[in-house]
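A, B, ... follow the sequence lines: proteins, then strands. Residue 1 opens every chain.
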Number of protein chains: 2
Amino acid sequence: MSTEGKIRIIVADDHYIVRAGLVSLLGTAEDMEVVSEASSGKEAIKVYQKHLPDVALFDLRMPGMGGVESIKQLCSKHPDAKVIVFSAFNGDEDIHKAFEAGARGYILKSSIGEDLLEAVREVDAGHKWIPRDVSSRLAIRKTYETLTPRETEVLSEIAHGRSNKEIANSLNISDYTVKDHIKNILGKLQVAARTEAVTVALQRGIIEI
Amino acid sequence: MSTEGKIRIIVADDHYIVRAGLVSLLGTAEDMEVVSEASSGKEAIKVYQKHLPDVALFDLRMPGMGGVESIKQLCSKHPDAKVIVFSAFNGDEDIHKAFEAGARGYILKSSIGEDLLEAVREVDAGHKWIPRDVSSRLAIRKTYETLTPRETEVLSEIAHGRSNKEIANSLNISDYTVKDHIKNILGKLQVAARTEAVTVALQRGIIEI
DNA sequence: CGGAACACCCCTCTTTAGAGGGATGCCACT
DNA sequence: AGTGGCATCCCTCTAAAGAGGGGTGTTCCG
């Protein structure tokens, strides 16, 4: 529990209106107050260090330094930071990356206000908070095979339209190796062609464009 | 101007917190009131017909029937409907489709509150409202070549990972014709391969997955 | 009427992708 | 010391993709 009675919160989202919604909603709760806002990941870290809030609400996909990277940096400097991800996306990889980065809660933007308030209270109390629809996504993920860092790198190149030869040059490896990675990617994502691999990976949050 | 003094508004967005933000923000304006909300395009049409508001705020990308289709239906039944699109996306095709469907304003979710209030007042007064960053997107679009309906259809199939042969079967045309369409698509989007065509089209809002 | 845009079909040719096998070295964990 | 995961390289072969030409019929508009 927080020192002054009220749970002190910062919110980080690049959409003004989402911040307005959060401030409005959290403001109605007697036991919470939003002490500051940020519109980017970089700004969020600064704001956190200035205000040292009890709970930080982060959007996962923000321009510039993304939410994942921001959370990772924040949690490495402040291991006690209580971060809740508040995202519009429910790709299994997004969710997994958020928790791996150090988040203690993940809540969808479509969820109702009570769920958000509950999440804030639970995380403030030192617990984890994972709604059913989010945890089911993580369960689905366990049935998938995960891509290696190199495979993800290759897939990202594919998404940008590069040919095998171009990828080989850019990564300084043989095009035989590129083909190998692609074989593994197609197998793991259970698709037949590189184009579908890209759209599936985009939907799951494995890569971004 | 509206009859009772206050501008009566409905908001349609699948994210609870965005609706909360809109209600909160619009509520602070003396001359506006949110009379109802909807969380889908279908619901939005019902709500519109029930309340007949002065202005309707629509998110463009919603699950089920998307914003474009909803606006098209709404405006065909109510040609005097004053619809403002309130979207997170700034793909040139999204913006163009919104206005083509009958929207009279398009404002980005990242914009500040004052811009939104101004947009609502302008559209309520019978004017169009296009912010500078949005109109520049439309200007960019003019320099692009637009895809024909058939080409868009083929591109959407490509995004789902279908091969030329599969597309030919599904559309009941020769694979020669599919190749023709793809040649045109690659030329118009100025890319070399189908995979890049898909990512470019996704970014521009030409197709969705 | 003529032209332009669209959708469709056909042929050839080169390049690319993808499936199938094989193999090596490195590193971490047991 | 052995195992498994990762990244790398190699070869062959078939299917697919893409570039380049050719053409038809429709519709719509000036």
Side-chain angles (χ1 to χ4, degrees), chain A residues 93 96-97 100 141-202 204 206-207 209, chain B residues 93 96-97 100 141-202 204 206-207 209:
Chain A
E93 199 65 23
H96 176 260
K97 281 189 289 194
E100 207 181 41
R141 184 177 185 274
K142 289 201 208 318
T143 70
Y144 292 140
E145 290 187 86
T146 56
L147 299 189
T148 67
R150 198 57 155 174
E151 284 160 4
T152 309
E153 207 175 351
V154 170
L155 185 51
S156 177
E157 295 276 316
I158 293 175
H160 287 91
R162 317 245 195 283
S163 70
N164 294 350
K165 202 175 288 180
E166 288 170 327
I167 299 171
N169 288 333
S170 132
L171 298 182
N172 275 108
I173 54 178
S174 154
D175 53 338
Y176 290 122
T177 310
V178 175
K179 283 193 174 194
D180 272 334
H181 288 311
I182 294 175
K183 279 182 225 175
N184 293 330
I185 292 167
L186 298 181
K188 287 181 178 181
L189 299 183
Q190 303 185 59
V191 297
R194 53 170 57 208
T195 307
E196 197 181 3
V198 168
T199 50
V200 166
L202 287 173
R204 289 186 44 195
I206 296 173
I207 56 169
I209 51 174
Chain B
E93 198 65 23
H96 176 260
K97 281 189 289 192
E100 206 182 40
R141 184 177 186 276
K142 289 204 210 316
T143 70
Y144 293 139
E145 290 186 86
T146 55
L147 299 189
T148 67
R150 199 55 155 175
E151 285 161 2
T152 309
E153 207 175 351
V154 169
L155 186 52
S156 176
E157 294 277 315
I158 293 175
H160 287 90
R162 317 243 195 284
S163 69
N164 294 350
K165 202 175 289 182
E166 288 171 328
I167 298 171
N169 287 333
S170 132
L171 300 182
N172 275 107
I173 54 178
S174 153
D175 53 338
Y176 291 120
T177 309
V178 175
K179 283 192 175 193
D180 272 332
H181 288 310
I182 293 176
K183 280 182 227 175
N184 293 331
I185 293 167
L186 298 181
K188 287 182 179 181
L189 298 183
Q190 303 185 61
V191 297
R194 54 169 59 206
T195 306
E196 197 181 4
V198 167
T199 50
V200 166
L202 287 172
R204 290 187 42 197
I206 296 173
I207 57 169
I209 52 174

Can you check whether B/Arg194 has a side-chain N or O nearer than 4.0 Å to OP1 or OP2 of D/dA17?
yes

Closest listed nucleotide, where the reference is the side chain of B/Ser174 and the choices are C/dA7, D/dT8, C/dC9
C/dC9

Is there a side-chain polar atom (N or O) of B/Thr177 under 4.0 Å from OP1 or OP2 of C/dC9?
yes

B/Glu166 has an atom CD; how far is it from atom P of D/dA15, in whole Å?
15 Å

Salt bridge present between A/Lys97 and A/Glu100 (N-O < 4.0 angstrom)
no

Side-chain N,O (A/Asn164) to OP1/OP2 (C/dA17) below 4.0 Å:
yes

B/Asn184 CG to D/dG20 C1', straight-line distance once rounded to whole Å
13 Å

OP1 or OP2 of C/dA7 less than 4.0 angstrom from a side-chain nitrogen or oxygen of B/Thr148, does that happen here?
yes

No-H, no-angle donor-acceptor pair, A/Lys179 side chain to C/dG18 base, under 3.5 Å:
yes

Comparing A/Asp180 with B/Thr146, nearest DNA chain C nucleotide closer to 5' gives the residue B/Thr146

Quick one: which of D/dT8, C/dT16, C/dA7 gets closest to the side chain of B/Pro149?
C/dA7

Considering only D/dG21, D/dG18, C/dC8, which nucleotide approaches the side chain of B/Leu186 most closely?
D/dG18

Phosphate-side-chain proximity, A/Tyr176 and D/dC11, N/O vs OP1/OP2 below 4.0 Å
yes

Is any side-chain N or O of B/Ser163 closer than 4.0 Å to OP1 or OP2 of D/dA15?
no

